[in-house]
Amino acid sequence: MKKIDRYIIYNVLITYIFITFFLQILSIVIDISQRMHRLENNQGSIKQALIHYYPFWSIWLANTFSPISVFLSIIFFTSRLTKNSEMTAILSSGISLKRITIPYLISAFLIGGFSLIMNYSFLPMANKIKNKFHYQYLLSLSQKSKYENSKAISTQISNNEYLFIRNFSKKENIGHGFTYQKLNGNKLVYILKAKNIFWSKKYRIYILHDYIETYIKKNKDILFKGIYIKKNFSMTPEELLPEEYIAETMTILELKKFINIEKNKRCHNINRHLNEYYQRTSLPFSTFIFTILGLSISSKIKKGGIGINLIIGLILAFFYIFFIEISKVYSTKEYFPSYLSVWLPNIIMGVITLFIYWNRNKN
């Protein structure tokens with residue numbers, strides 16, 4: 001590795017760290033000012049938020065917007081090289097833009113690789129802590145009421161098992177009006193009913209009160225009654241009634257398993273979880289696209305210098321984020337497949353990047 005490579009990699013990484021840190025501080029200050037009244041309404045404090053929420057929220061924010069931070073870092077650093085005529089001197093010495101791209105791509109590989117590892121394993125742990133604080137202290141009264149209210153459960157837990165609960169409270173882990181059915185092919189062979197059902201977190205088992213078991217035989221039905229019985233169904237309450245953003249609290253292997261379970265349940269909201277699954281890879285990959293795009297935009301002298309390059313960069317970054325959110329909405333409504341909604345912004349930005357980079361190489 002040549003000295004120029006080390007120089008570029010070092011400065012790109014340092015600029016990236018500085019911009020990421022600055023954006024986190026700015027975001028935390030703005031977010032606290034907007035959420036202060038909700039903290040007070042839910043008996044929380046800024047001190048608690050700064051210890052138990054914002055460090056983990058910052059990890060989520062930094063990792064989610066890492067490609068944008070890389071983009072701004074590349075533009076800022078390369079524009080400074082161009083303004084000081086360093087880039088012109090490098091290219092004039094016989095070194096091509098393709099050769100200069102290599103250390104930029106190495107920087108993208110280091111940042112993107114770290115982001116990928118975070119997305120797959122460590123970010124979900126931060127999200128669990130962040131979400132726990134969010135649900136306790138940062139929900140509005142109407143959102144909190146909706147979150148804590150009992151809900152009906154009607155789901156298929158395997159190919160031949162069905163579970164129904166008239167209402168279940170995840171806050172209390174208690175449900176009423178329980179029915180479990182088991183089929184053999186298309187024939188009903190077993191029914192279990194209970195007035196109440198309780199989930200024991202300690203033993204990770206369901207306890208049914210005032211139950212009736214019915215075994216449906218060819219000639220007659222066999223009934224058993226009792227005060228309580230313990231059952232180990234294949235799903236926990238969190239899986240039966242998953243939170244809207246439960247997917248972001250799972251590692252990539254846990255998420256894949258959870259998606260398979262939701263598919264078996266024929267969950268209508270499956271694309272929301274699939275979006276999270278595919279985005280774990282697509283966002284780190286976009287680091288390479290934004291690195292080349294940033295280099296292409298800022299390696300040529302323009303009137304306005306760094307300022308105009310940053311404006312162009314912010315417009316493209318806003319377009320990318322907006323496009324991601326729009327495509328995810330359409331995917332959630334099942335207008336087109338989830339993998340396409342997540343990768344389409346990268347494909348479009350990749351085509352734009354290749355066009356700009358190709359034109360820059362010609363000049």
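For this chain, numbers begin at 1 and follow the sequence in order.
- Going from atom NZ of K47 over to atom NE2 of H52 covers 9.0 Å, rounded to the nearest 0.5 Å.
- I246 approaches F258 most closely through the heavy-atom pair CG2-CZ, 3.8 Å.
- Under the 4.5 Å side-chain heavy-atom criterion for ILVMFWY residues, a single connected hydrophobic cluster contains both I4 and V12.
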Contacts under 3.5 angstrom, residues 194-204 side chains, donor-acceptor by atom type, not counting sequence neighbours:
| from | atom 1 | to | atom 2 | distance (Å) |
| --- | --- | --- | --- | --- |
| N196 | OD1 | H176 | ND1 | 2.6 |
| S200 | OG | Y203 | N | 3.3 |

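- By the side chain to side chain donor-acceptor pair (under 3.5 Å) test, T78 is found to be paired with Y104, residues two or more places apart in sequence or in another chain being considered.
- You'll find the side chain of I102 stays beyond 4.5 Å of the side chain of L105, heavy atoms only.
- Considering all non-hydrogen atoms of both residues, I32 and I46 come closest at CG2-CD1, 4.3 Å.
- I174 places none of its side-chain heavy atoms less than 4.5 Å from the side chain of F168.
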Report all side-chain donor-acceptor pairs from residues 282-289 shorter than 3.5 Å, counting only partners two or more places apart or in another chain.
| from | atom 1 | to | atom 2 | distance (Å) |
| --- | --- | --- | --- | --- |
| S286 | OG | L283 | O | 2.5 |
| T287 | OG1 | P284 | O | 3.0 |

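- For E248 and N131, the side-chain atoms include at least one donor-acceptor pair closer than 3.5 Å.
- Ion pairing of E276 with R280 is present here, as a side-chain N (NZ or NE/NH1/NH2) and a carboxylate O approach within less than 4.0 Å.
- Between H134 and R35, some side-chain heavy-atom pair lies under the 4.5 Å cut-off.
- At a threshold of 4.5 Å between non-hydrogen side-chain atoms, the residues H37 and N41 count as touching.
- Every residue two or more places apart in sequence or in another chain was checked for a salt bridge (charged side-chain N to carboxylate O under 4.0 Å, His left out) with R166, and none qualifies.
- Both Y357 and F109 belong to a common hydrophobic cluster when Ile, Leu, Val, Met, Phe, Trp and Tyr are linked at side-chain heavy-atom distances under 4.5 angstrom.
- Between N173 atom CG and I207 atom CD1 the span is 11.0 Å, to the nearest 0.5 Å.
- Scanning for side chain to side chain contact (heavy atoms under 4.5 Å, CB included) contacts around F164 gives S154, Y162, T179, Q181, with sequence neighbours left out.
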F224 and I212: CA distance, side-chain angles, deciding distance, side-chain contact (heavy atoms from CB on, under 4.5 Å) verdict
CA-CA 6 Å; F224 294 97; I212 300 175; over 6 Å; no

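- I28 has its side chain within reach of W57: a pair of non-hydrogen atoms, C-beta onward, lies under 4.5 Å apart.
- Just one of S331, S338, P337 meets the side chain to side chain contact (heavy atoms under 4.5 Å, CB included) condition when paired with Y278; it is S338.
- In terms of heavy atoms, E172 sits closest to S169 at N-OG, 3.2 Å.
- Ring pair F322/F318 is parallel by interplanar angle, where below 30° counts as parallel and above 60° as perpendicular.
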Test log, rule side-chain contact (heavy atoms from CB on, under 4.5 Å), inputs K231 and L208:
CA-CA 8 Å; K231 284 288 182 179; L208 310 178; 4.1 Å; yes

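- Under the 4.5 Å side-chain heavy-atom criterion for Ile, Leu, Val, Met, Phe, Trp and Tyr, W60 and F122 are members of the same hydrophobic cluster.
- More than 12 heavy atoms of other shown residues, nucleotides or ligands fall within 6.0 angstrom of atom CG in L223.
- Atom OG in S107 sits 5.0 Å away from atom CG in L13 (nearest 0.5 Å).
- Partners of Y320 under the ring pair (Phe, Tyr, Trp, His ring centres under 6.0 Å) rule, at least two apart in sequence or in another chain, are F290.
- With hydrogens and angles disregarded, no donor-acceptor distance shorter than 3.5 Å links the side chain of Q136 to the backbone of F133.
- Residues meeting the ring pair (Phe, Tyr, Trp, His ring centres under 6.0 Å) test with Y277, sequence neighbours left out: none.
- Annotation: side chain to side chain donor-acceptor pair (under 3.5 Å) contacts involving residues 210-222, sequence neighbours excluded, comprise Y190-E213.
- The salt bridge (charged side-chain N to carboxylate O under 4.0 Å, His left out) contacts involving residues 93-113 comprise D5-R99, where partners must be two or more places apart or lie in separate chains.
- Considering only residues two or more places apart in sequence or on other chains, I30 meets the side chain to side chain contact (heavy atoms under 4.5 Å, CB included) condition with L26, Q34.
- Side-chain contact between F56 and K128: absent, with no pair of heavy atoms (C-beta onward) separated by less than 4.5 Å.
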Stepwise, does the side-chain contact (heavy atoms from CB on, under 4.5 Å) test hold for S66 with Y16?
CA-CA 9 Å; S66 178; Y16 168 75; 2.8 Å; yes

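- Looking at T353, its side chain never comes within 3.5 Å of a backbone N or O of L293 through a donor-acceptor pair.
- Contact of the I191 side chain with the K193 side chain is registered, since non-hydrogen atoms from C-beta on lie closer than 4.5 Å.
- N119 and Q279 make their closest contact through ND2-O, 4.4 Å (heavy atoms, listed as atom of the first residue, atom of the second, distance).
- For the pair I111 and V70, the tightest heavy-atom approach, listed with the atom from each and the gap, is CG2-CG2, 3.6 Å.
- Residues forming a side chain to side chain contact (heavy atoms under 4.5 Å, CB included) with L23 (at least two apart in sequence, or on another chain): I19, S69.
- One hydrophobic cluster, built from ILVMFWY side chains closer than 4.5 Å, holds both L138 and L50.
- A distance of 12.5 Å separates CG in L274 from NZ in K328, rounded to the nearest 0.5 Å.
- Between the side chains of Y54 and D31, at least one donor-acceptor pair of N or O atoms lies under 3.5 Å.
- The cluster map of Ile, Leu, Val, Met, Phe, Trp and Tyr, joined by side-chain heavy atoms under 4.5 Å apart, puts Y7 and L97 in the same cluster.
- Taking both residues in full, the closest heavy atoms of I74 and T291 are given as CG2-O, 3.7 Å, listed atom of the first, atom of the second, then distance.
- At least one donor-acceptor pair closer than 3.5 Å links the side chain of S327 to the backbone N or O of I324.
- Rounding to the nearest 0.5 Å places CD1 of I297 at 12.0 Å from OG1 of T82.
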Go through it in stages, so that I can follow the logic: the residues are I8 and I106, the test is side-chain contact (heavy atoms from CB on, under 4.5 Å), and I'd like the CA-CA distance, side-chain angles, deciding distance and then a yes or no.
CA-CA 10 Å; I8 290 173; I106 293 172; over 6 Å; no

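- Using a 4.5 Å heavy-atom threshold, the side chains of T251 and Y120 count as separate.
- F233 meets the ring pair (Phe, Tyr, Trp, His ring centres under 6.0 Å) test with F178, Y180, Y206; sequence neighbours excluded.
- In this structure, N63 contributes its side chain and I59 its backbone to no donor-acceptor pair below 3.5 Å.
- In this structure, the side chain of N42 engages the main chain of Y137 through a donor-acceptor pair within 3.5 Å.
- Other residues, nucleotides and ligands contribute only 12 or fewer heavy atoms inside 6.0 Å of the CZ atom of F18.
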